[in-house]
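Below: the structure, in structure tokens.
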There are 2 protein chains.
Amino acid sequence: MLSEAKFAETRQCGDCPIRHRAVCARCDSDELVQLDKIKFYRNYEAGQMIAWAGDQMDFVASVVTGIATLTQVMEDGRTQMVGLLLPSDFVGRPGRETATYNVVATSDMTLCCFRKKPFEQLMSSTPHIAQRLLEMTLDELDAAREWMLVLGRKTAREKIASLLCIIARRNAALQMLATEGEITFDLPLTREAMADYLGLTLETVSRQVSALKRDGVIRLEGKRHIIVPDFDRLMQEAGDDGDGGFLN
Amino acid sequence: MLSEAKFAETRQCGDCPIRHRAVCARCDSDELVQLDKIKFYRNYEAGQMIAWAGDQMDFVASVVTGIATLTQVMEDGRTQMVGLLLPSDFVGRPGRETATYNVVATSDMTLCCFRKKPFEQLMSSTPHIAQRLLEMTLDELDAAREWMLVLGRKTAREKIASLLCIIARRNAALQMLATEGEITFDLPLTREAMADYLGLTLETVSRQVSALKRDGVIRLEGKRHIIVPDFDRLMQEAGDDGDGGFLN
DNA sequence: GACTGACATTGATGCAGATCAACCGGGGAA
DNA sequence: TTCCCCGGTTGATCTGCATCAATGTCAGTC
């Protein structure tokens with residue numbers, strides 16, 4: 001934990017693992033210098049709240065390492081996850097004072113934070129940042145729309161398979177792996193978080209994971225480690241036959 | 001119809017009804033001149049396809065009048081609407097060759113189209129356009145996330161009430177009306193389209209509309225004209241107690 | 001004025017997933 | 001070592017919405 005913190009504080013943009021994917025991806029070295037002036041790293045522990053919906057938020061940030069979720073909660077407690085933030089994803093909205101959703105660290109994380117006001121100024125003077133942010137936002141919008149199909153029209157089994165596909169794909173993209181042959185990854189979410197993502201109950205999630213395992217679509221090592229012997233088969237189960245692709 | 005077409009062809013930006021809300025909202029008169037060079041109006045009739053998912057699309061556009069929908073369709077025919085395009089909304093994605101979703105004109109419409117290549121060039125030289133597009137995209141993303149809560153966690157009755165709230169609110173925003181006292185509007189969607197939006201069947205939509213009517217939450221004049229005696233009541237039925245607000 | 005087809009309503013029945021409840025297993029604290 | 005708690009699994013039952021089917025309504029048209 002201490003080494004993690006120290007790591008974060010001494011980090012330079014040059015060796016940043018998300019340098020080529022984050023909001024700063026298009027920046028040249030001059031622009032990075034500008035960004036560097038207003039940035040600071042911040043660490044969160046698994047389970048920690050990063051922001052509450054409605055709270056003042058005086059920074060925006062890029063996820064450097066770890067995973068966070070965006071959730072909406074109704075008065076009676078019904079919860080829907082509306083975003084899954086992986087490394088290189090952007091947190092917060094320029095031009096808005098308060099957080100719109102609950103932001104929760106699902107694993108230990110490091111954020112690369114920018115003070116909001118100066119970031120907004122930088123955005124108007126540095127088109128590369130705004131350009132990249134637009135691109136990322138459009139990708140997120142596509143992902144959200146894909147998710148609307150999952151929530152609105154897919155069966156519980158298809159929902160689980162869809163989620164596994166997405167996690168596998170993002171994982172592959174991040175690690176520059178191919179999505180062919182046998183694929184392996186860790187589930188970054190509890191059954192309850194999966195349920196919140198998919199609009200299901202955790203019992204249904206558990207049952208459908210078991211069913212996919214029973215049917216040989218996946219294998220489990222422990223509760224969280226997933227092995228997918230045939231990714232095409234998994235995609236079929238997700239109802240994304242042929243393709244259906246989205247990346248992000 | 002003919003008069004509509006003529007209207008469209010002779011229209012000037014100066015008297016355009018979406019001038020202050022569309023992607024061109026921030027442009028000064030010089031920039032409008034630039035845009036004017038690459039723009040053309042196009043009319044569609046109710047029911048007409050504007051684009052098929054996967055098709056080449058060589059323009060982007062603003063909705064001037066009328067309503068369109070974005071839908072995803074699975075191989076087996078299950079359909080989910082993922083966007084409702086009202087006047088001033090933006091159609092298409094800069095930097096992408098092909099349409100991602102089916103775009104269908106729900107009513108007769110007029111689009112203000114821009115040839116894509118020159119529009120993209122204009123975007124990089126004219127920050128006002130990119131800025132406004134980013135803002136609109138962020139708003140759409142918020143709307144999509146609100147919709148994920150509706151799809152994932154709300155009951156059929158709440159879904160219907162939510163949809164009515166959104167249409168009422170957008171309608172009010174467009175016509176600069178207050179959302180207080182008795183509110184009145186036309187449903188721009190068939191029962192089937194409502195079902196596709198809400199992840200329901202059209203029968204369930206019909207039943208729940210009848211139920212809301214029976215319970216005095218709404219009144220109907222014909223099939224499409226809705227009267228809401230008490231908007232707060234409707235919002236409560238939507239589960240957005242207190243507020244829950246999103247505009248867009 | 002009867003016919004047609006698109007849209008909508010209403011009823012009867014079935015089922016996927018929610019709900020309620022019991023139990024399991026492993027890791028951390030005392 | 002024991003306890004306990006958290007995350008997960010599994011079973012029994014219930015229910016909200018889908019499904020299947022019939023009927024209603026209105027606008028357009030012959």
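Below, chains carry the letters A, B, ... as their sequence lines are ordered, and counting in each starts from 1. Only heavy atoms go into these numbers, but all of them, side chains included; no hydrogens, no water, no symmetry mates.
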Sequence-distant partners of F59(A), ring-ring contact (aromatic ring centres under 6.0 Å, His included), two or more places apart: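 ring-ring contact (aromatic ring centres under 6.0 Å, His included) list for F59(A), sorted by chain: empty.
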In residues 210-221 of chain B, which ones come under 4.0 Å of DNA chain C, going by heavy atoms?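 Heavy-atom cutoff 4.0 Å gives S210(B).
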Among residues 193-204 of chain B, which ones have heavy-atom contacts with DNA chain C below 4.0 Å?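 L202(B), E203(B), in order of number.
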Pairs in or reaching into residues 182-196 of chain A: which pass salt bridge (charged side-chain N to carboxylate O under 4.0 Å, His left out), with residues at least two apart or in two chains?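 Residue pairs passing salt bridge (charged side-chain N to carboxylate O under 4.0 Å, His left out), neighbours aside: E182(A)-R219(A), D196(A)-R153(B).
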Gap between atoms [atom1] and [atom2], on [X] and [N] respectively (whole Å):
{"X": "R207(A)", "N": "dT10(D)", "atom1": "CZ", "atom2": "C1'", "value": "7 Å"}
{"X": "R157(B)", "N": "dA18(D)", "atom1": "CZ", "atom2": "P", "value": "16 Å"}
{"X": "Q208(B)", "N": "dT15(D)", "atom1": "CD", "atom2": "C1'", "value": "14 Å"}

Would you mind reporting whether [Y] and [X] have side-chain heavy atoms less than 4.5 Å apart?
{"X": "Y44(A)", "Y": "D108(A)", "result": "no"}
{"X": "L163(B)", "Y": "I167(B)", "result": "yes"}
{"X": "E237(B)", "Y": "I160(B)", "result": "no"}
{"X": "L212(A)", "Y": "L164(A)", "result": "yes"}

Interatomic spacing from CD1 in I218(B) to CD1 in I227(B) - rounded to 0.5 Å: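 I218(B) atom CD1 to I227(B) atom CD1 measures 9.5 Å (nearest 0.5 Å).
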Have a look at R224(B) and say if it touches a base, only the backbone sugar-phosphate, or nothing, with a 4.0 Å heavy-atom cut-off.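 It contacts sugar-phosphate atoms only.
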So what does S206(B) hit on the nucleic acid, given a heavy-atom distance under 4.0 Å: a base, only sugar-phosphate, or nothing?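 It contacts base atoms.
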With L70(B) as reference, evaluate T100(B), V103(B), D89(B) under the side chain to side chain contact (heavy atoms under 4.5 Å, CB included) test and give the passing residue.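 Only one option passes, and that is V103(B).
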Start and end of the DNA chain C segment that chain B contacts, any atom under 4.0 Å from a heavy atom: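 Counting from the 5' end, contacts occupy dA8(C) to dA12(C).
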For a side chain to side chain donor-acceptor pair (under 3.5 Å) with R145(A), tell me which candidate from Q72(B), Q80(B), E140(B) qualifies.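 Answer after filtering Q72(B), Q80(B), E140(B): E140(B).
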For the pair T79(A) (side chain) and G77(A) (backbone), establish whether a donor and an acceptor sit closer than 3.5 Å, ignoring hydrogens and angles.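 Indeed, once roles are kept as given, a pair shorter than 3.5 Å links the two residues.
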Do K154(A) side-chain atoms and L149(A) backbone N/O form a donor-acceptor pair below 3.5 Å?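 Looks like no, no N/O pair under 3.5 Å.
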Between R93(B) and D142(A), is there a side-chain N and carboxylate O pair less than 4.0 Å apart?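 Yes, this pair counts.
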Looking only at the side chains, is there a donor atom on one of T110(B) and N43(B) sitting less than 3.5 Å from an acceptor on the other?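 Note: T110(B) and N43(B) side chains meet the donor-acceptor criterion.
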Could you list all N or O pairs between the protein and nucleotides 24-27 of chain D that sit under 3.5 Å apart?
none

